[in-house]
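Below is one structure, written out as C-alpha cells, with a few remarks after it.
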Amino acid sequence: EVQLVESGGGLVQAGGSLRLSCAASGFTFDDYHIGWFRQAPGKEREGVSCISSSDGSTDSSDSMKGRFTISSDNAQNTVYLQMNSLKPEDTAVYFCAAEHPAVSGFCSLIGAMYNYWGQGTQVTVSS
C-alpha cells in the first residue's frame, strides 16, 4: 500500500522558514515524481514544486522560485520542501503527492497527474 506522510508544518512569523517532509512507503523509490501542492481556505489547490526520480530534475511555481527548494533523500524515501522568506499568503494546507509509476520524464505541477496523496500539513504564517 502506497502511503505518503507529510510533517513539519506549523506556525511561523513572516520572514521565517519551515522544512516540510514527505515520507513515502509502499513503492520502489526509483520510478516516481513527487509534487508539493497547497490549498488555502476558499482557494483552489495550486502546485508548489515537484521533483523527478529519473534525473532529480525539479520544477517550481514562479511565485515560489527563489524561496522554496525541493530535494529528495532516496535512502530515506523522503522528499523535502524547504520554505524560506515565508509570507502570510503562504498560509495553506500543504500536500505531497506521488505519480507512480512516472508517466513522463518530467514532473508536473498539475495535481491531476498524481495518483497518491498525503493527508496534508498545515502551514500558518503570521504577519
Side-chain angles (χ1 to χ4, degrees):
E1 179 186 4
V2 174
Q3 286 191 324
L4 300 171
V5 179
E6 303 96 333
S7 61
L11 174 64
V12 64
Q13 289 188 333
S17 298
L18 283 174
R19 189 177 78 159
L20 305 184
S21 299
C22 174
S25 61
F27 65 92
T28 304
F29 216 60
D30 61 358
D31 179 20
Y32 69 89
H33 299 316
I34 295 285
W36 282 100
F37 297 81
R38 69 184 187 184
Q39 187 164 22
K43 294 188 177 181
E44 292 188 353
R45 183 179 62 196
E46 65 174 325
V48 174
S49 190
C50 65
I51 188 166
S52 170
S53 69
S54 60
D55 60 0
S57 60
T58 64
D59 193 13
S60 294
S61 171
D62 287 343
S63 64
M64 298 156 214
K65 286 180 179 177
R67 297 193 300 126
F68 293 6
T69 303
I70 191 170
S71 62
S72 67
D73 183 341
N74 289 354
Q76 298 295 324
N77 282 13
T78 301
V79 171
Y80 302 99
L81 184 68
Q82 178 67 45
M83 305 187 297
N84 299 327
S85 302
L86 283 162
K87 305 174 183 179
E89 51 264 44
D90 293 318
T91 295
V93 178
Y94 283 72
F95 300 89
C96 70
E99 178 187 341
H100 174 70
V103 174
S104 68
F106 303 96
C107 66
S108 170
L109 295 179
I110 300 173
M113 295 298 293
Y114 293 82
N115 47 349
Y116 298 101
W117 291 81
Q119 82 289 348
T121 185
Q122 176 70 47
V123 171
T124 303
V125 184
S126 63
S127 57

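When all heavy atoms are compared, the tightest approach of Asn115 to His100 is ND2-O, 2.9 Å. Contact record, Ser60 with Ser49: OG-OG, 2.9 Å, taken as the closest heavy-atom pair. When all heavy atoms of Ser127 and Ala14 are compared, the closest pair comes out as CA-CB, 4.4 Å. For the residue pair Ser57 and Asp55, the shortest heavy atom distance occurs at OG-OD1, 2.7 Å. Closest approach of Gly47 to Ser61, counting heavy atoms only: O-CB, 3.5 Å. Shortest non-hydrogen contact noted between Ser21 and Trp36 is O-CH2, 3.6 Å.
Screening residues 98-127 for disulfide (SG to SG under 2.5 Å) gives Cys50-Cys107 as the qualifying pairs, with residues at least two apart or on separate chains.
No chain of hydrophobic side-chain contacts below 4.5 Å, direct or via other Ile, Leu, Val, Met, Phe, Trp or Tyr residues, connects Met83 to Phe95. Residue Tyr116 is grouped with residue Ile70 when hydrophobic side chains (ILVMFWY) are merged at heavy-atom distances under 4.5 angstrom, including chains of intermediate members.
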Residues 3-11, side-chain donor-acceptor partners within the protein, below 3.5 Å, at least two apart:
unit_1: Glu6; atom_1: OE1; unit_2: Gln119; atom_2: N; d: 3.0
unit_1: Glu6; atom_1: OE1; unit_2: Gln119; atom_2: NE2; d: 3.4
unit_1: Glu6; atom_1: OE1; unit_2: Gly120; atom_2: N; d: 2.9
unit_1: Glu6; atom_1: OE2; unit_2: Cys96; atom_2: N; d: 2.9
unit_1: Glu6; atom_1: OE2; unit_2: Gly120; atom_2: N; d: 3.2

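Partners of Phe37 by ring pair (Phe, Tyr, Trp, His ring centres under 6.0 Å), not counting sequence neighbours, listed by chain and number: Tyr114, Trp117. For Thr91, there are no side chain to side chain donor-acceptor pair (under 3.5 Å) partners at least two apart in sequence or on another chain. Thr69 is linked by a side chain to side chain donor-acceptor pair (under 3.5 Å) to nothing, counting only residues two or more places apart in sequence or in another chain. Residues passing the side chain to side chain contact (heavy atoms under 4.5 Å, CB included) test with Arg19 are Tyr80, Gln82, sequence neighbours excluded.
In this structure, Lys65 pairs ionically with Asp62, as a charged nitrogen and a carboxylate oxygen lie closer than 4.0 Å.
Between the side chain of Asp31 and the backbone N or O of Ser53 there is no donor-acceptor pair closer than 3.5 Å. Looking only at distances, no side-chain donor or acceptor of Asn84 sits under 3.5 Å from a matching main-chain atom of Ser17.
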Side chain to side chain contact (heavy atoms under 4.5 Å, CB included) between Ser104 and His33, worked out: CA-CA 9 Å; Ser104 68; His33 299 316; 4.1 Å; yes

Evaluation steps, side chain to side chain contact (heavy atoms under 4.5 Å, CB included), between Glu46 and Arg38: CA-CA 6 Å; Glu46 65 174 325; Arg38 69 184 187 184; 2.7 Å; yes

